[in-house]
Amino acid sequence: MYDLDGQLAVSVADLYAAFGIERKPEGLCIGDVCYPVRTTIDGAVGDTPIVSLDGVAATIGRPLVIDSDAAVACMGAGASERSQSLKSGYAPDFTLPDLDGNLHSLSDFRGRKVVLYAYASW
Amino acid sequence: MWQALNLELAPLGLTVITVALDKTLDDARPWIEAAHPTHPSLVDVNYTMADVYNMVNVPTVLWIDEDGRIMRPNDVHYVDETFSGIHGYHAEAPIAALRAWVHGESSGYDGDAVADQPVATVEHQMARAHFATAWWLANHDRGAEAEPHFVMADELAPQDFTIRRGSMLMRGKDPAGMDFFQMVGDWVGAGNSYYVPQADLAPGTSTDRFGKFLNQVNGGAAPKVALRASQDPSSSD
């Protein structure tokens, strides 16, 4: 973590490692989708390029929680990302474990009808 | 009951996938082991499903066709009668519709399944980010630091009971007792709905019966009951 003009910043490498977001000349890119950067979000510490987390969150429309006292930051999924996914009409894929730790994805069951049932023990 | 439906309908092309939104695998383990499921019975300790599908309560059901399209949006389907005396929702119509769909009839959904699938707001996604922050802190024994983020999540998304009820255990509250009744009672008493199913498979129950009942409990007008088993997927097997 770095300080960029009073804002919390991370290295470009960590931005990609943690969030899958690439800093490219054309903007901030998640896969094939790039968001143009309209504010100053970049800096450097020595030879390490860094970006402001606030700037990243604002650019791609994601919620960002920074708790300086707890030294914790969390960037969630954006409302527009989620909306576009659901409004496509296709069920978003997910991968979750069973009790034995075996991973299952919704997409494993393509070709079958699926009832997806979410519940809780609480 | 989901296990029984899966056994009955799997040969015809249906897979039931149950997902427990619980903070650890061991929280979900007794419920899953009791059901002896032969279908995928998964555990989501980060509540990812609630975020991705914009679920705000449990149980939540979706129907998905062979091509991965949502045929029935987020809904409340009870497939046994365990608590029908409380919430007034019955199993007959959802089960009949499910059997018909698997046998090749339409999903029977008379709305626009895509348009009716709820999508999250900016405020709701910020609530989920606070919830995730709180969850992480609480899981690292930093409950005092987590609490302000739980509070923020509650305030930003008061309609989301996967957050408000789903965080109660970590906050030292009882999600199946008076803390829960008080929370929902206040919510319903202020004129809000707790949980209303899509109308077509819950005929005559378009009002929020469950919420009204819980509000009565909160006001002392109804007998107190234990709701802890209400979300178990297969307890009636």
Side-chain angles (χ1 to χ4, degrees), chain A residues 18-19 53-54 56-58 60-122, chain B residues 2 13-22 25 27-29 31-32 40-44 48-49 51-55 58-66 68-70 98 102 114 117 119-122 125-126 128-130 132-133 136-137 142 145 149 165-166 168-169 175-176 231-233:
Chain A
F19 301 108
L53 274 182
D54 273 314
V56 170
I60 64 176
R62 286 191 175 182
L64 177 67
V65 173
I66 297 176
D67 185 332
S68 299
D69 293 336
V72 169
C74 173
M75 185 157 57
S80 63
E81 289 174 70
R82 290 292 188 239
S83 298
Q84 287 170 16
S85 172
L86 286 173
K87 291 304 182 189
S88 74
Y90 287 89
D93 199 17
F94 58 85
T95 301
L96 290 169
D98 61 24
L99 284 180
D100 297 322
N102 300 313
L103 295 176
H104 303 261
S105 298
L106 176 64
S107 54
D108 296 342
F109 302 95
R110 190 63 55 86
R112 296 178 63 81
K113 291 185 169 78
V114 170
V115 169
L116 189 58
Y117 178 81
Y119 69 104
S121 69
W122 27 268
Chain B
W2 285 113
L14 179 74
T15 297
V16 172
I17 301 176
T18 60
V19 180
L21 306 183
D22 271 305
L25 291 181
D27 284 353
R29 186 179 301 278
W31 307 89
I32 295 173
S41 192
L42 314 180
V43 185
D44 181 2
T48 305
M49 291 284 297
D51 183 356
V52 170
Y53 285 90
N54 197 28
M55 297 173 176
V58 289
T60 292
V61 178
L62 292 98
W63 292 9
I64 299 163
D65 75 3
E66 295 88 336
R69 292 175 300 185
I70 296 171
L98 179 61
V102 174
V114 175
Q117 178 68 20
V119 294
T121 63
V122 170
Q125 291 308 103
M126 182 60 82
R128 289 184 165 121
H130 277 286
T133 303
W136 187 88
L137 287 165
R142 297 168 67 179
E145 293 169 294
H149 294 288
R165 189 181 182 196
M168 280 185 156
L169 278 176
Q231 281 79 41
D232 175 48

Top contributor to chain B contacts, counting heavy-atom pairs under 4.5 Å, from A:D69, A:L99, A:D98, A:V72: A:L99
Main-chain N/O of B:L14 paired to A:R112 side chain as donor or acceptor, under 3.5 Å: yes
Close side-chain approach of A:R82 and B:D51, heavy atoms under 4.5 Å: yes
Engaged part of B:M126 at the chain A interface, taking heavy atoms whose separation is under 4.5 Å: both
Flag side-chain contact, heavy atom, 4.5 Å: A:L96 against B:M49: yes
Residue pair B:A129 / A:G76: nearest heavy atoms and the distance that separates them: CB-N, 4.3 Å
Spacing of A:C74 atom SG and B:R128 atom CZ [to the nearest 0.5 Å]: 12.5 Å
For B:L137 against A:A70, the heavy-atom pair lying closest together: CD2-CB, 4.3 Å
Closest-packed option against chain A by number of heavy-atom pairs under 4.5 Å, given B:L98, B:V61, B:L25: B:V61
A:D108 portion near chain B, given a 4.5 angstrom heavy-atom threshold: neither
Distance, nearest 0.5 Å, that separates CG of A:D67 from CD of B:E145: 7.0 Å
Which residues share a side-chain hydrogen bond (donor to acceptor under 3.5 Å, both in side chains) with A:Q84, sequence neighbours left out: none
Exercise: identify the closest heavy-atom pair between B:Y53 and A:L106: OH-CD2, 3.4 Å
CG-OG distance between A:D100 and B:S41, expressed to the nearest 0.5 angstrom: 10.5 Å
Test item: side-chain donor near acceptor, B:D27 and A:S121, under 3.5 Å: no
Atom pair CD (B:E66) and NZ (A:K113), whose distance is rounded to the nearest 0.5 Å: 4.0 Å
Spacing of B:T15 atom OG1 and A:R110 atom CZ [to the nearest 0.5 Å]: 12.5 Å
Atom group of A:L103 that falls short of 4.5 Å from chain B, counting heavy atoms: neither
B:V119/A:K87 under side chain to side chain contact (heavy atoms under 4.5 Å, CB included): CA gap, chis, key distance, verdict: CA-CA 8 Å; B:V119 294; A:K87 291 304 182 189; 3.5 Å; yes
side-chain hydrogen bond (donor to acceptor under 3.5 Å, both in side chains) involving A:S85 - partner list, sequence neighbours excluded: none
Full working for side chain to side chain contact (heavy atoms under 4.5 Å, CB included) between A:F94 and B:D44: CA-CA 10 Å; A:F94 58 85; B:D44 181 2; over 6 Å; no
Smallest separation among heavy atoms of A:W122 and B:P175, with atom names: CB-CG, 3.8 Å
Engaged part of B:D65 at the chain A interface, taking heavy atoms whose separation is under 4.5 Å: backbone
Gap separating the CG atom of A:L116 from the CD1 atom of B:I64, nearest 0.5 angstrom: 5.0 Å
